[in-house]
Student: 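Structure in structure tokens, see below.
All chains are named by letter (A, B, ...) in the order of the sequence lines, taking the proteins before the strands, and each is independently numbered beginning at 1.
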Number of protein chains: 2
Amino acid sequence: MTNIYDIAKKAGVSPATVSRVLNNKPGLKESTRQKVLQIAKELNYSPNYLARSLKKQRTDTIALIVSDITNPFFTTLARGVEDKASQNGFNVIFCNTDEDIKKEKAYLELMLQRRVDGILIASCSDGKTFSLFRKKNVPLVLVDRRVNKPNLDCVTGDNEEGAYQLTKHLIDTHNIKKIAILSGPLTLSTSRERIQGYQKALYESSIKIPENYTVIGTYKEDFGYQATMEFLKKKGPKIEGIFAGNNFIAIGVIKAARELGIRIPEDLALVTFDDFEFASSLFPFLTAAKQPAYTMGSLACEFLLQRIKGEKIKERREVVLKPEILIRRSCGCQR
Amino acid sequence: MTNIYDIAKKAGVSPATVSRVLNNKPGLKESTRQKVLQIAKELNYSPNYLARSLKKQRTDTIALIVSDITNPFFTTLARGVEDKASQNGFNVIFCNTDEDIKKEKAYLELMLQRRVDGILIASCSDGKTFSLFRKKNVPLVLVDRRVNKPNLDCVTGDNEEGAYQLTKHLIDTHNIKKIAILSGPLTLSTSRERIQGYQKALYESSIKIPENYTVIGTYKEDFGYQATMEFLKKKGPKIEGIFAGNNFIAIGVIKAARELGIRIPEDLALVTFDDFEFASSLFPFLTAAKQPAYTMGSLACEFLLQRIKGEKIKERREVVLKPEILIRRSCGCQR
DNA sequence: CTGAAAGCGCTTACAG
DNA sequence: CTGAAAGCGCTTACAG
């Protein structure tokens with residue numbers, strides 16, 4: 001591929017001058033500027049970003065690490081990130097961890113080697129390995145999921161509030177008391193906070209629930225299905241409502257209920273975190289706490305870019321975005 | 001950040017030797033290998049991929065260019081790409097064009113500057129600018145959408161066949177004849193092929209349809225809505241069925257019908273290309289041609305990687321993946 | 001207004 | 001088994 005030297009030779013100037021022209025530096029004779037531009041075009045010149053990055057010590061690239069881009073929540077979040085990034089001349093590399101700590105670590109190290117200027121991460125780990133980045137001085141911003149250890153900017157949803165509202169709705173509006181929560185893993189802040197909101201609502205209404213009404217699993221359909229099956233087949237006091245930790249779990253709940261001929265919401269009320277955009281637009285069924293995923297991604301990216309540009313921000317920022325509570329049918333409203 | 005020289009100095013060897021150790025080259029004294037590895041670890045060394053790429057003339061990075069990652073079809077396709085890529089030590093940069101030819105061109109040029117090893121693209125253009133890549137010898141593989149000009153590997157869905165089956169189903173099973181197609185733009189091969197399949201089915205059954213039953217628009221909900229509104233409000237012979245060019249258009253159709261109190265499928269049958277995974281799992285409503293998006297992405301990526309690795313493949317490959325025809329309720333079955 | 005030179009951090013052909 | 005040196009393709013401080 002043609003480089004700056006080829007152009008220089010043909011234009012009868014030094015490579016330095018070519019570089020200056022190509023970078024729009026001031027103080028160049030207009031005629032040489034024109035000539036260089038002309039020749040660059042003729043030769044179909046494409047500047048080598050690698051060389052530039054190596055010299056300038058920045059790549060204009062960031063990494064986005066999430067569990068699975070296929071989860072509509074992350075898809076939308078990713079779009080928010082990409083838009084903000086590209087508006088600022090940055091590209092983004094996507095990484096899927098599938099909630100695997102080892103994969104996360106591997107990606108983190110790889111992204112470091114690739115010298116990305118910063119990292120956006122919805123971590124499935126405890127963030128122990130993040131100190132690496134502090135040391136190397138590459139900024140890292142948390143998105144969706146909180147991590148205890150380090151002193152990092154953080155953009156999340158208000159999980160506790162959403163869970164609280166959802167649970168309270170079941171209690172206050174539908175007079176339902178026997179509510180179980182099917183939660184994601186406790187290693188994730190989202191799970192812990194949602195459980196907290198759920199418990200707060202129960203507590204405020206002085207509802208005592210057996211411990212085994214809090215079931216810890218994964219954010220997957222299969223878990224929702226299995227856990228619901230167990231509840232519905234169990235003898236003893238009948239469960240009246242389920243709070244699904246996320247949308248995938250909710251699908252599992254619905255499938256299990258269907259299989260057993262249990263009607264939602266008539267026989268069992270259901271509320272969930274996260275919405276399915278497309279499904280809801282056609283079938284407004286699930287009562288859900290919908291998070292502003294796009295904004296979350298866009299804002300987190302903005303924070304990251306600020307850190308990258310070295311804007312002097314004294315302390316760490318923590319933004320908590322309120323979810324929108326969408327009251328639909330699965331809770332028992334609008335039957 | 002520490003580099004190979006720092007390690008060399010501390011280990012009392014040359015940078016060349018450090019490089020050899022780090023790259024697992026054979027023929028090194030075990031003791032120096034150990035020493036270098038040890039020191040690299042102590043210094044928290046992270047090899048600079050930029051420098052390596054510059055020297056080796058490859059980045060182990062590919063670009064995926066689609067219109068909108070937020071479209072579930074592309075989301076799944078993207079996951080297929082990312083999985084295949086990362087299994088082979090490649091990372092992928094995502095680009096959203098929003099069906100804007102200028103954006104596409106800009107991304108293409110940018111990716112060239114970043115010296116990605118190859119490009120995967122669902123193009124919204126006619127591919128005129130692709131010759132650039134031929135010249136520069138960076139491989140490019142078409143996915144989902146065909147482009148006439150160049151001699152490129154290509155993995156697409158069988159749009160004609162899917163459209164044919166869907167239309168034929170409406171005709172044969174439901175005895176519906178007045179079927180309109182709401183198509184995406186004619187600049188896209190998917191649109192053209194779907195129209196072809198639709199026409200073929202009509203032709204085979206000797207059904208003559210007025211020209212204005214073929215409506216060209218965009219792959220967006222709003223177009224589906226507007227076009228349906230016009231049909232339903234129009235005087236004259238009543239339309240009996242709609243073939244939606246894709247899932248977004250189908251949503252528009254449904255919304256328009258609802259607004260006017262037209263029942264689907266009782267008053268109007270509907271079939272569509274592309275499915276909504278999640279919606280369908282809960283509400284199996286839309287009769288649709290579902291494409292193997294993950295496979296499409298994965299396979300296209302595989303082709304690209306082969307080209308990148310320079311495997312000698314004589315001629316261009318063209319794979320056409322059959323869609324799965326999902327007969328559900330919107331066509332009139334299983335009412 | 002422009003050039004010569006150093007340097008970003010690697011890899012590798014050539015020698016020994 | 002290992003080192004010195006060149007080179008990948010840029011940018012930029014220093015001179016003039």
Student: Whole-Å distance between D/dA4 P and B/Ile4 CD1?
Tutor: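 Whole-Å distance recorded here is 14 Å.
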Student: With a 3.5 Å cut-off and no angle check, do the side chains of B/Tyr219 and B/Thr190 form a donor-acceptor pair?
Tutor: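 There is such a pair (donor and acceptor under 3.5 Å, judged by atom type) between the side chains of B/Tyr219 and B/Thr190.
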Student: If we ignore hydrogens and angles and just use 3.5 Å, is the side chain of A/Arg317 paired with the main-chain N or O of A/Asp153 as donor and acceptor?
Tutor: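 No.
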Student: Expressed in angstrom and rounded to an integer, what is the separation of A/Leu28 atom CG from C/dT2 atom P?
Tutor: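 From A/Leu28 CG to C/dT2 P: 6 Å.
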Student: In this structure, how many angstroms lie between the P atom of D/dG9 and the OH atom of A/Tyr49, rounded?
Tutor: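 Between P of D/dG9 and OH of A/Tyr49: 18 Å.
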Student: Can you pull out the residues from residues 105-114 of chain B that lie within a 4.0 Å heavy-atom distance of DNA chain C?
Tutor: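 Hits under 4.0 Å, by residue number: none.
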Student: Between CG of A/Asn96 and OG of B/Ser86, what distance do you get to the nearest 0.5 Å?
Tutor: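 Atom-to-atom, A/Asn96:CG and B/Ser86:OG are 8.0 Å apart.
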Student: On DNA chain C, check which nucleotide each of A/Gly12 and B/Asn48 is closest to and give me the residue with the more 5' one.
Tutor: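 In this pair, the answer is A/Gly12.
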Student: Distance only, no hydrogens: is a donor on one side chain within 3.5 Å (strictly under) of an acceptor on the other, for B/Glu99 and B/Thr218?
Tutor: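 Result is no, nothing qualifies.
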Student: Please report, rounded to the nearest Å, how far the C1' atom of D/dG7 is from the CG atom of B/Leu54.
Tutor: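 So the two atoms are 9 Å apart, to the nearest Å.
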Student: Can you list the residues that meet the side chain to side chain contact (heavy atoms under 4.5 Å, CB included) rule with B/Asn23, with sequence neighbours excluded?
Tutor: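 Here the qualifying residues are B/Ser19, B/Lys25, B/Arg52.
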Student: Does the side chain of A/Lys136 come under 3.5 Å of the side chain of B/Asn44 through a donor N or O and an acceptor N or O?
Tutor: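 B/Asn44 and A/Lys136 do not have a side-chain donor-acceptor pair below 3.5 Å.
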Student: Whenever both distances are under 3.5 Å in a Watson-Crick or G-U wobble pair, mark it; put DNA chain C into dot-bracket that way, with [ ] for crossing pairs and | when the partner is on another strand.
Tutor: |||.||||||||.|||
Student: Does the B/Asn3 side chain pair with the main chain of B/Asp6, one donor and one acceptor, at a distance under 3.5 Å?
Tutor: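 Yes, B/Asn3 side chain to B/Asp6 backbone: donor-acceptor pair under 3.5 Å.
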Student: Tell me the interatomic distance from B/Leu50, atom CG, to C/dT11, atom C1', rounded to whole angstroms.
Tutor: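 After rounding, the reported distance stands at 15 Å.
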Student: Just do the side-chain hydrogen bond (donor to acceptor under 3.5 Å, both in side chains) check on B/Arg115 and A/Ser46 with the steps written out, would you?
Tutor: CA-CA 9 Å; B/Arg115 297 296 190 266; A/Ser46 169; 3.2 Å; yes
Student: Can you say whether a donor on the side chain of A/Tyr5 sits under 3.5 Å from an acceptor on the base of D/dC10, or the other way round?
Tutor: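 Result: at least one qualifying N/O pair found.
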Student: Under a 3.5 Å threshold, yes or no: a donor from one side chain and an acceptor from the other, between A/Thr70 and B/Tyr294?
Tutor: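 No pair is found: no donor N or O on one side chain lies under 3.5 Å from an acceptor on the other.
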Student: So which of residues 29-47 of chain A are in contact with DNA chain C, with a heavy-atom cut-off of under 4.0 Å?
Tutor: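 Those residues whose heavy atoms fall under 4.0 Å from DNA chain C, taken from residues 29-47 of chain A in numerical order, are A/Lys29, A/Thr32.
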Student: Would you compute the distance between atom CD of A/Glu82 and atom CZ of A/Arg79 and round it to the nearest 0.5 angstrom?
Tutor: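 These two atoms lie 6.5 Å from each other.
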Student: For C/dG9, take OP1 and OP2 only and decide whether either is under 4.0 Å from a side-chain N or O of A/Gln57.
Tutor: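 For C/dG9, OP1/OP2 do have a side-chain N/O of A/Gln57 under 4.0 Å.
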Student: Evaluate B/Arg316 against B/Glu318 for salt bridge (charged side-chain N to carboxylate O under 4.0 Å, His left out), listing each step before the verdict.
Tutor: CA-CA 7 Å; B/Arg316 94 190 187 93; B/Glu318 185 173 327; 2.6 Å; yes
Student: Does A/Lys84 offer a backbone N or O that forms a donor-acceptor pair with the side chain of A/Asn88 under 3.5 Å?
Tutor: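 Such a contact is found between A/Asn88 side chain and A/Lys84 backbone.
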Student: I need the full list of ring-ring contact (aromatic ring centres under 6.0 Å, His included) pairs touching residues 43-92 of chain A, with sequence neighbours left out, sorted by first then second residue.
Tutor: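 Matches after skipping sequence neighbours: none remain.
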Student: Do any side-chain nitrogens or oxygens of A/Asn3 fall under 4.0 Å of OP1 or OP2 in D/dG9?
Tutor: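 Checking D/dG9 against A/Asn3, a side-chain N or O does come within under 4.0 Å of OP1 or OP2.
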Student: Under 3.5 Å between N/O atoms: give me all the protein pairs with nucleotides 12-16 of chain C, atom names plus distance.
Tutor:
from, atom 1, to, atom 2, distance (Å)
C/dT12, OP2, B/Lys25, NZ, 3.3
C/dA13, N6, B/Arg20, NH2, 2.9

Student: Ignoring hydrogens and angles, tell me if any N or O in the side chain of B/Arg192 forms a donor-acceptor pair with the backbone of B/Thr187 under 3.5 Å.
Tutor: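 Answer holds: yes.
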Student: Please give, in whole Å, the distance from D/dT11 P to A/Leu22 CG?
Tutor: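 In whole Å, D/dT11 P lies 7 Å from A/Leu22 CG.
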Student: Just how far, in rounded Å, is P of D/dC10 from NZ of A/Lys9?
Tutor: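 So the NZ-P distance, A/Lys9 to D/dC10, works out to 14 Å.
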Student: Could you tell me how far apart A/Arg115 (CZ) and C/dC10 (C1') are, to the nearest whole angstrom?
Tutor: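 From A/Arg115 CZ to C/dC10 C1': 11 Å.
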